[in-house]
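Worksheet for the structure shown next.
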Amino acid sequence: MAYRQGACLEELCPVCGDKVSGYHYGLLTCESCKGFFKRTVQNSKKYTCVENQQCRIDKTQRKRCPFCRFQKCLNVGMRLEAVRADRMRGGRNKFGPMYKRDRALKQQRNSFIQNRRFRLDSSSLLASTSQQSDPPPVAICYSLTTNQPPSLSTLLPSALPAANQYQCTPSSDWTIKSENSNNCACLSGSAAGSYIHSDDPHSTPFSTQGPRMPQLVMEFLRCDPDESQLQDKITTRLQQVHGDHDTFSLMCVMADETLCSIVEWARASIFFKQLEVSDQMKLLHHCWSELLLLDIISRQVLYGKEGSLLLVTRQEVELSDIICHADPSLATLVLQGQELIQRFQILKADRQEFVCIKFLILFNPDVKELEDRGFVESVQEQVEGALLEYTLISSPQYLGRFAHLLLCLSELRSLSALAEDYLYRRHLNSQITCNNLLIEMLHAKHSWR
DNA sequence: CTAGCCTTGAAG
DNA sequence: CTTCAAGGCTAG
């Protein structure tokens, strides 16, 4: 029985990596692991491992150690209960609805991912209309190399051990399957939510009772900086600056500090630390303003109140004050930002979703001259998958939520491009001073064209 | 024992 | 009726 194509395109058995033949005992597995699991459970087989119970199980070596094979079956989530005690044939069991749901989830995920290209094209189109891209900007002689080393490169480690590539914590068993001949590393879980296959028995990739959060989202949350810690850090740094700063330059200092924390966050983040430093720099140079804007927006949506702008420092500034003191361009930007905040508020976007969006922004495969675009692409796809899955679990009654979030992201991108242009113009007028990272970032993109 | 193919039968 | 995940069979 060929498994219906389309539902799962190139799904591999989570136990041995062989071709999947359908759902067996709780998840998609290959025919041989299905049979192996059945024999083991039906006949109450007991195996022993002659090694250290950590044998690698793949298609060619799966026969070698039945102990570790069975262990892996259980670890990836195969269900003992699905093997029938009475050996009754045919029919359906209680897992039926679960399979159906998982299949629907996968299908939606695939179709969204397939639409990704189109969506990105249209969003970059949107962004480019707001930028005078063709003629290179004013010839300002500002060489990064003649200055002190750019702060981003000092913030990023100068070298990474090569062995670090594609590796995560040694404790977790991330299976990375390369697709075709390119080095597109792709972590793919078999059942819903199984992004992480670990030997930890608590990380059951599939749960029948109650909704659960995708593992990737949980990992993102775990590494997301704590708002109050960030607050303290930036507040102390701001106090050190003090002096004759007007509101705008104070905001710039704040942006600069926030940028530092964004770089720190990225450095410590899963996936990002696997990249070469050159790629890390390219990604950050490309998306810094988007991340900065998302930081501001998410703060308003999660903690802010209407009519005022909540700063990292927990200070509140009346919007009306900002608008009447701002020049017309800035006022427009603030108003547009306000609209975007409202859109996120209507959606009631939560921390989980913002943290996924952060990763979607960071891992942008459209960035030019990436060494390892395949990896960036695969991360982007995984994050999209996790976000989609999260939205389907958290608000199953609203299927369009994921698409709406992506729409907001695309608007955020065009707004950040406008904001970046605005900052760049003010920088050219020497109105932004003493903000190393901010200035480096402002120059990075312009020196590329 | 393994793993590919076959048969079964409740659910949709 | 069809679907498809259970169990069954058997050559290698």
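Just so we're on the same page: letters track the sequence lines, and every chain starts at 1.
Heavy atoms from other residues, nucleotides or ligands lying under 6.0 Å from NZ of K59(A) number 12 at most.
Residues Y47(A) and T40(A) bring a donor and an acceptor atom of their side chains to less than 3.5 Å of each other. The closest side-chain donor-acceptor pair between E276(A) and S278(A), if any, does not fall under 3.5 angstrom.
Spacing between atom CG of D86(A) and atom P of dA5(C) amounts to 19 Å, rounded to whole angstrom units. Note: CE (M98(A)) to P (dC4(C)) measures 16 Å, nearest angstrom. Whole-Å rounding puts the K94(A) NZ to dA6(C) P distance at 11 Å. dG4(B) atom P lies 6 Å from atom CG of D18(A), rounded to whole Å. If you take NZ of K59(A) and P of dA3(B), they are 10 Å apart, rounded to a whole angstrom. The distance between atom CD of Q61(A) and atom C1' of dT2(B), rounded to the nearest whole Å, is 16 Å. Computed from coordinates, the L28(A) CG to dC4(C) P distance equals 12 Å when rounded to whole Å.
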Taking only N/O atoms, report every protein-nucleotides 8-11 of chain C pair under 3.5 Å with atom names and distance.
from, atom 1, to, atom 2, distance (Å)
dG8(C), OP2, R87(A), NH1, 3.4
dG8(C), O4', R89(A), NH2, 3.4
dG8(C), N7, K38(A), NZ, 2.6

Using the 3.5 Å cut-off, write out each protein N or O paired with an N or O of nucleotides 10-12 of chain B and the distance between them.
none

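Salt-bridge annotation for K233(A) and E257(A): absent, with no side-chain N of the basic residue lying under 4.0 Å from a carboxylate O of the acidic one.
Residue Y25(A) places at least one side-chain N or O closer than 4.0 Å to OP1 or OP2 of dG7(C).
Without hydrogens or angle criteria, K72(A) side chain to V15(A) main chain gives a donor-acceptor distance under 3.5 Å.
The side-chain heavy atoms of Y25(A) and F95(A), taken from C-beta on, include no pair separated by under 4.5 Å.
A distance of 14.5 Å separates CZ of F37(A) from NZ of K45(A), quoted to the nearest 0.5 Å. Taken to the nearest 0.5 Å, the CG atom of L340(A) stands 11.5 Å off from the CD1 atom of I296(A).
Using a 4.0 Å heavy-atom distance criterion, K45(A) is classed as a sugar-phosphate-only contact. At the heavy-atom level, R64(A) lies nowhere under 4.0 Å from the strands shown.
Between dT2(B), dA6(C), dA5(C), one nucleotide has an atom nearer to the side chain of A82(A) than all others, and that is dA6(C). For H24(A), the listed nucleotide lying nearest its side chain is dA6(C); candidates were dC4(C), dA6(C), dG4(B).
The cationic group of R69(A) lies under 6.0 Å from the six-membered ring centre of F36(A) and within 45° of the ring axis, placing it in a cation-pi geometry.
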